[in-house]
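Throughout, protein chains are lettered first and strands after them, A, B, ... in sequence-line order, and every chain is numbered starting at 1. Every heavy atom of this structure was used, including side-chain atoms; hydrogens, water molecules and symmetry mates were not.
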There are 2 protein chains.
Amino acid sequence: MTTRRTGLREQKKQATRVALREAALRLALQHGPDNVRVDDIAEAAGVSPRTYNNYFSSREQAIVAAVTAERESRVAAALAARPARTRLADALTEAILEQYTEPRDHEALLLITTSPTLREAFLDAAAAVEHPLAAAIDQRLGDTGTPVARVLAASVAAAVRVALQQWLQPPAAPLTAGGLVVPSGSLPDLLRSALAALAPALDAAEEQAQQRPRR
Amino acid sequence: MTTRRTGLREQKKQATRVALREAALRLALQHGPDNVRVDDIAEAAGVSPRTYNNYFSSREQAIVAAVTAERESRVAAALAARPARTRLADALTEAILEQYTEPRDHEALLLITTSPTLREAFLDAAAAVEHPLAAAIDQRLGDTGTPVARVLAASVAAAVRVALQQWLQPPAAPLTAGGLVVPSGSLPDLLRSALAALAPALDAAEEQAQQRPRR
DNA sequence: GCGCAAACTTGCGTGCACGCAATATTTGTT
DNA sequence: AACAAATATTGCGTGCACGCAAGTTTGCGC
């Protein structure tokens with residue numbers, strides 16, 4: 001059920017997708033993100049420029065995809081893998097940390113930090129967790145069909161986004177007056193505290209689900 | 001303090017901004033969203049095409065702006081206007097409903113429903129609440145400087161987005177198996193129930209803030 | 001194997017977003 | 001009132017996204 005689509009076809013598609021995003025990243029690292037034309041990427045991957053655009057709808061998307069890859073679906077899978085009796089909030093936090101903590105290509109992340117457009121694309125990519133996550137959460141809550149799971153998933157995605165945003169943000173300015181702004185800690189910490197703010201909502205949803213009969 | 005920028009300059013800018021978005025909407029209604037070129041909009045507003053692009057970074061954005069306008073900042077203002085002693089979750093819900101319930105140009109909304117690209121832009125526009133809202137929430141929580149307010153604001157924005165998405169979604173298909181999917185009620189109801197899922201998180205943040213000394 | 005239908009790729013054309021540098025307008029200052 | 005600094009507007013050029021209508025490949029039943 002994971003791959004309904006037959007064989008060779010899907011296989012080839014995945015291959016070109018990978019070829020494209022890796023070419024994109026490689027060229028971006030090599031020549032700088034602004035000195036890479038779409039045509040170059042397409043050529044490097046051995047497809048027509050038009051085909052490139054069938055896979056990615058912006059240059060930045062392709063570059064960033066080399067880092068984010070299938071992280072989104074993995075988060076959902078990681079959540080589903082946790083024992084059903086663990087607290088939803090905890091399971092979620094662990095699942096997310098597990099995916100965002102693994103030290104992906106550090107060089108690439110540095111590159112992304114550099115360009116505003118790439119940062120933007122990187123943050124947007126995080127939004128892709130929403131749908132898989134909504135499904136996974138809904139399942140945990142007993143397939144309510146309610147939009148609650150969607151809201152929670154969207155909120156979690158938003159929280160992740162905020163955490164990533166803080167993390168990417170160059171420590172830049174000499175801290176605004178009052179010294180209130182924390183110099184942005186490690187990513188795991190940022191993620192944890194962002195998600196902590198949502199924990200009560202997750203708990204509440206879980207509790208309601210348990211009072212309802214499981215299907 | 002609301003408008004630091006002096007007078008004539010900002011006034012003119014606002015004027016052309018309004019002219020642009022209204023021209024965009026009018027032309028879109030008149031000729032259909034796909035039969036409006038950027039040059040037409042610019043000409044109708046009496047500015048160069050290049051200037052148009054200094055105000056809006058996509059055709060859809062301009063059209064949608066005619067409906068969403070300054071709704072975002074108003075939500076924050078509406079929140080700030082509520083008495084500080086009301087429950088944060090309630091104040092927020094009221095503030096949002098207040099802004100999204102007023103029957104804006106119905107004709108335009110119908111148009112937006114029509115085109116996928118416009119729907120997309122409309123949903124994206126809702127994300128603009130995030131920043132003003134974060135500021136307003138942070139103030140209610142006692143200017144913590146913590147990212148908690150940001151996370152909550154982002155979550156609220158996400159919830160609003162989900163509600164709008166359900167609302168825009170044409171009742172289309174004959175309901176999936178089991179009859180679990182509700183035929184998308186009224187917008188106020190959708191917003192209310194979406195925000196209800198976040199209420200526990202808002203309560204918790206508020207409670208923590210009250211235990212901390214106000215600055 | 002054969003051939004048809006569905007799915008993917010490609011080239012072309014159009015409209016668009018946006019950086020850049022020159023020009024025009026506004027504003028605060030003397 | 002005149003000037004200089006700040007800020008907006010405009011034209012131009014480049015690269016890009018994407019609809020469309022061929023052409024090509026893959027999958028499947030016979």
Rounded to whole Å, CZ of R9(A) lies from P of dA6(C) at a distance of 12 Å

I'd like a table of donor-acceptor pairs (distance under 3.5 Å, sequence neighbours excluded) in which one partner is a side-chain atom from residues 26-39 of chain A, with atom names and distances.
{"residue": "N35(A)", "atom": "ND2", "partner": "H31(A)", "partner atom": "O", "Å": "3.0"}

Q11(A) CD to dT26(D) P, in whole Å, measures 11 Å

| query | Any donor-acceptor pair under 3.5 Å linking the side chain of T51(B) with the backbone of V47(B)? | reply | no

Terminal axes of the helix from dG1(C)-dC30(D) to dT30(C)-dA1(D) (5 end pairs apiece), angle rounded to 10 degrees, sit apart by 30°

By side-chain contact (heavy atoms from CB on, under 4.5 Å), P83(B) pairs with (sequence neighbours left out) R85(B), T86(B)

Contacts of E72(A) meeting side-chain hydrogen bond (donor to acceptor under 3.5 Å, both in side chains) (sequence neighbours excluded), chain-then-number -> none

side-chain contact (heavy atoms from CB on, under 4.5 Å) filter on S73(A), not counting sequence neighbours, yields E70(A)

Contacts of Y55(A) meeting side-chain hydrogen bond (donor to acceptor under 3.5 Å, both in side chains) (sequence neighbours excluded), chain-then-number -> T16(A)

Between CD of E43(B) and P of dT10(D) the distance, given in whole Å, is 13 Å

Residues of residues 62-69 of chain B with a heavy atom under 4.0 Å from any atom of DNA chain D, listed by number, are none

side-chain hydrogen bond (donor to acceptor under 3.5 Å, both in side chains) filter on E94(A), not counting sequence neighbours, yields R82(A)

Report task. Using only side-chain N and O atoms of T51(A), determine if any of them is under 4.0 Å from OP1 or OP2 of dT10(C). Result -> yes

K12(A) atom NZ is separated from dT24(D) atom P, nearest whole Å, by 14 Å

Exactly one candidate in L97(A), T93(A), I96(A) meets side-chain contact (heavy atoms from CB on, under 4.5 Å) with P188(A); the answer is L97(A)

Here the salt bridge (Lys or Arg N to Asp or Glu O under 4.0 Å) pairs for residues 121-137 of chain B, sequence neighbours left out, are D124(B)-R161(B)

Find every protein N or O atom lying less than 3.5 Å from an N or O atom of nucleotides 15-19 of chain D, and list the pairs.
{"residue": "dC16(D)", "atom": "OP1", "partner": "V38(A)", "partner atom": "N", "Å": "2.8"}
{"residue": "dC16(D)", "atom": "OP2", "partner": "V38(A)", "partner atom": "N", "Å": "3.4"}
{"residue": "dA17(D)", "atom": "OP1", "partner": "R59(A)", "partner atom": "N", "Å": "3.2"}
{"residue": "dG19(D)", "atom": "N7", "partner": "R50(A)", "partner atom": "NH2", "Å": "2.8"}
{"residue": "dG19(D)", "atom": "O6", "partner": "R50(A)", "partner atom": "NE", "Å": "2.4"}
{"residue": "dG19(D)", "atom": "O6", "partner": "R50(A)", "partner atom": "NH2", "Å": "3.3"}

From CD of E10(A) across to C1' of dA7(C) the rounded distance in Å is 11 Å

note: N54(A), atom CG; dT10(C), atom P; distance rounded to Å ~ 9 Å

Which of dT9(C), dT9(D), dG11(C) is nearest the side chain of T16(B)? It is dT9(D)

Applying side-chain contact (heavy atoms from CB on, under 4.5 Å) to D138(B) and not counting sequence neighbours gives D143(B), T144(B), A149(B)

Across all chains, not counting sequence neighbours, the side-chain contact (heavy atoms from CB on, under 4.5 Å) partners of Q61(B) are F56(B), S57(B), S58(B)

From CZ of R17(A) across to P of dA7(C) the rounded distance in Å is 17 Å

